[in-house]
Visitor: 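Here it is: the structure, laid out below.
Just so we're clear, the structure is a prediction, and the values are computed from it rather than from any experiment.
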Amino acid sequence: MRTEQQNASPDPEDPAGPAAPSPAAAEQRGARRAVTVFPVLVLLAGVLGLLAPGTFAGGGEAVPYLLGVVMFCMGVTMTPQDFRGVAKRPWAVALGLVAHYVFMPGLGWLVAHALNLPPQLAAGVILVGCAPSGTASNVVTYLARGDVALSVSVATVSTVVAPLVTPPLTLLLAGAYLPVDAGSMVVDILKTVLLPVLAGLVVRLVASRLVTRALPVLPWLSALTIAVIVAVVVAGSADAIKSAAALVMLAVVLHNGLGLALGYGAGRLARLGEPSSRAMAFEVGMQNSGLAASLATAHFSPLAALPAAVFSVWHNVSGALAAAWLSRKKG
């Protein structure tokens with residue numbers, strides 16, 4: 001769920017702005033509405049999966065394809081500006097990337113160990129931590145009045161390098177809990193993440209006018225698709241949720257909250273400035289939980305995908321709350 005806020009005015013809905021909103025402004029409004037409604041939509045999907053698991057029976061096989069739709073939408077919204085931003089500020093982007101792939105995997109392992117989680121849940125929490133940045137992180141950064149250009153650059157790079165980073169990190173940290181086939185995981189991430197993103201980029205280049213018209217719809221398509229993924233994942237582990245829900249929720253809240261705090265702290269410690277520190281918070285603390293759910297379902301079990309399903313709801317709620325607080329905080 002990405003937008004092109006780095007090319008936009010601070011407030012696209014300012015009545016003092018242009019009378020005819022640009023396509024980018026329309027896309028921003030759509031993304032803002034989608035990221036606000038998204039937690040409710042995903043929560044409802046989870047409840048539906050819990051109450052009517054039979055409705056989604058056998059849906060686990062479709063999860064990788066559904067994730068591919070989300071990543072294709074992400075690729076379609078990318079522009080050359082996203083990659084130029086990396087060259088303009090390599091130090092800040094590198095710091096965000098390292099912080100993301102050091103803090104969140106490490107926190108996942110620490111939380112799983114501290115709470116003495118069962119192997120399936122422990123592997124699921126760690127896998128969430130090893131995933132790339134969340135698809136809504138740059139939208140939440142925008143709402144927090146953070147550095148959106150930095151947010152987009154870090155999210156882009158973390159997604160591109162995920163096939164090389166996520167599997168070995170998962171093997172290193174989750175291998176003690178469950179067997180991890182890192183090679184097979186690399187192939188799955190290439191198929192469900194990198195290839196759809198590249199396909200989206202190609203479509204953006206060859207059909208830019210058509211894509212521009214469709215941009216306001218893409219956040220909603222992503223949100224609906226992720227909601228279906230959550231419903232399928234919850235349905236697959238509906239029986240276990242009743243006994244494990246409280247423990248998983250505690251693990252997710254700790255994982256996400258500490259990630260947001262450490263990301264922000266890393267930005268301040270590196271003297272990146274307040275807006276960039278806000279971007280760092282969301283790029284570190286928000287994960288591509290759809291990818292984690294897909295990988296957990298394919299390589300572990302539906303129960304291992306439960307932390308990713310809960311994270312998908314919670315990190316959008318916590319992100320929205322943090323953005324609301326930060327947007328009112330003097331930076």
Visitor: Would you say the side chain of L326 lies within less than 4.5 Å of the side chain of F282, judging by non-hydrogen atoms?
Guide: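 In contact.
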Visitor: Applying the side-chain contact (heavy atoms from CB on, under 4.5 Å) criterion to L127, which one of L178, T170, V180, L169 satisfies it?
Guide: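 For L127, the side-chain contact (heavy atoms from CB on, under 4.5 Å) test succeeds with only one of L178, T170, V180, L169, which is T170.
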Visitor: Is there a donor-acceptor pair under 3.5 Å between the side chain of H100 and the backbone N or O of A131?
Guide: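 Yes, the answer is positive, given that a donor and an acceptor are paired below the 3.5 Å cut-off.
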Visitor: Measure the spacing between CE of M280 and CG of L260 and express it to the nearest 0.5 Å.
Guide: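 Reported value, rounded in 0.5 Å steps: 12.0 Å.
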Visitor: Let me check something: do V313 and L247 share a hydrophobic cluster, defined by ILVMFWY side-chain heavy atoms less than 4.5 Å apart, either directly or through other members?
Guide: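 Same cluster.
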Visitor: A side-chain contact here means heavy atoms from C-beta on lying under 4.5 Å apart; do V93 and L150 qualify?
Guide: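 They are in side-chain contact.
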Visitor: Give, for atom SG of C130 and atom CH2 of W109, the distance between the pair rounded to the nearest 0.5 Å.
Guide: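 Rounded to the nearest 0.5 Å, the SG-CH2 separation comes to 13.0 Å.
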Visitor: Do S301 side-chain atoms and A304 backbone N/O form a donor-acceptor pair below 3.5 Å?
Guide: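 Pair found, side chain donor or acceptor close to backbone of A304.
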Visitor: If you round to the nearest 0.5 Å, how far is OG of S153 from CG of L97?
Guide: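 Taking CG in L97 and OG in S153, the distance rounds to 11.5 Å.
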Visitor: Any side-chain heavy atom of S276 sitting closer than 4.5 Å to one from R89?
Guide: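 In short, these two side chains touch, coming nearer than 4.5 Å.
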Visitor: Please answer: with hydrophobic residues joined when any side-chain heavy atoms are less than 4.5 Å apart, are V252 and L321 in the same cluster?
Guide: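 Yes, V252 connects to L321 through the hydrophobic network.
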Visitor: So which atom in L164 and which in P167 form the shortest heavy-atom distance, rounded to 0.1 Å?
Guide: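 The answer is C-CD, 4.5 Å.
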Visitor: Work out which heavy atom in E283 is nearest to a heavy atom in S151; give both atom names and the distance.
Guide: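 Shortest heavy-atom separation between E283 and S151 comes out as OE2-OG, 2.5 Å.
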Visitor: Find out if a path of hydrophobic residues (ILVMFWY) with successive side-chain heavy-atom gaps under 4.5 Å connects L250 to V317.
Guide: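 L250 and V317: one cluster.
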Visitor: Is there a side-chain contact between D147 and T141 (heavy atoms, below 4.5 Å)?
Guide: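 No. Closest side-chain heavy atoms not under 4.5 Å.
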Visitor: For the residue pair M249 and V253, establish whether any side-chain heavy-atom pair is separated by less than 4.5 Å.
Guide: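 A side-chain contact under 4.5 Å exists here.
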Visitor: Going by heavy atoms in the side chains, are E274 and Y264 under 4.5 Å from each other?
Guide: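 The answer is yes; the side chains approach within 4.5 Å.
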Visitor: Look up atom CH2 in W314 and atom CG in L43, then write down how far apart they are to the nearest 0.5 Å.
Guide: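 Those atoms lie 11.5 Å apart.
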Visitor: Nearest 0.5 Å, please: how far is OG1 in T297 from CG in L306?
Guide: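 Those atoms lie 10.5 Å apart.
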Visitor: Counting only N and O atoms by type, is there a donor-acceptor contact under 3.5 Å from the side chain of Y177 to the main-chain atoms of L121?
Guide: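 Not at all, since once roles are kept as given, no pair shorter than 3.5 Å links the two residues.
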Visitor: Under a 4.5 Å side-chain heavy-atom rule over Ile, Leu, Val, Met, Phe, Trp and Tyr, are L195 and V197 clustered together?
Guide: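 No; tracing contacts between hydrophobic side chains, which count when under 4.5 Å, never links both residues.
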Visitor: Would you say M71 and T159 make side-chain contact, with heavy atoms under 4.5 Å?
Guide: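 M71 vs T159: side chains touch.
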Visitor: Could you tell me whether the side chain of S289 and the main chain of F311 form a donor-acceptor pair under 3.5 Å?
Guide: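 Not at all, since once roles are kept as given, no pair shorter than 3.5 Å links the two residues.
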Visitor: Mind listing the closest non-hydrogen atom pair of V140 and G319 along with its distance?
Guide: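 Shortest heavy-atom separation between V140 and G319 comes out as CG1-O, 3.2 Å.
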Visitor: Verify, without hydrogens or angle tests, whether S137 (side chain) and G134 (backbone) share a donor-acceptor contact under 3.5 angstrom.
Guide: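 Indeed, once roles are kept as given, a pair shorter than 3.5 Å links the two residues.
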Visitor: Grab the two heavy atoms, one from L171 and one from A182, that are nearest each other, plus how far apart they are.
Guide: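 Looking at all heavy atoms of both residues, the shortest contact is CD2-CB, 4.2 Å.
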Visitor: Once you round to the nearest 0.5 Å, how far does CG of L198 lie from CZ of F72?
Guide: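 It comes to 11.5 Å.
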Visitor: Could you tell me if the side chain of L44 sits less than 4.5 Å from the side chain of L48, heavy atoms only?
Guide: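 Of all side-chain heavy-atom pairs linking L44 with L48, none is under 4.5 Å.
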Visitor: If every non-hydrogen atom of G267 is compared with every non-hydrogen atom of S277, which pair is closest and at what distance?
Guide: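 The answer is C-OG, 3.1 Å.
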Visitor: Measure across G129 and Q287 and return the closest heavy-atom pair with its distance rounded to 0.1 Å.
Guide: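 G129 and Q287 have their closest heavy atoms at O-NE2, 3.1 Å.
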Visitor: Scan L295, I229, V228, T192 and name whichever one has a side-chain contact (heavy atoms from CB on, under 4.5 Å) with V63.
Guide: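 The option that passes is I229.
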Visitor: Grouping I, L, V, M, F, W and Y whenever their side-chain heavy atoms are under 4.5 Å apart, do V310 and L51 come out in a common cluster?
Guide: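 Different clusters.
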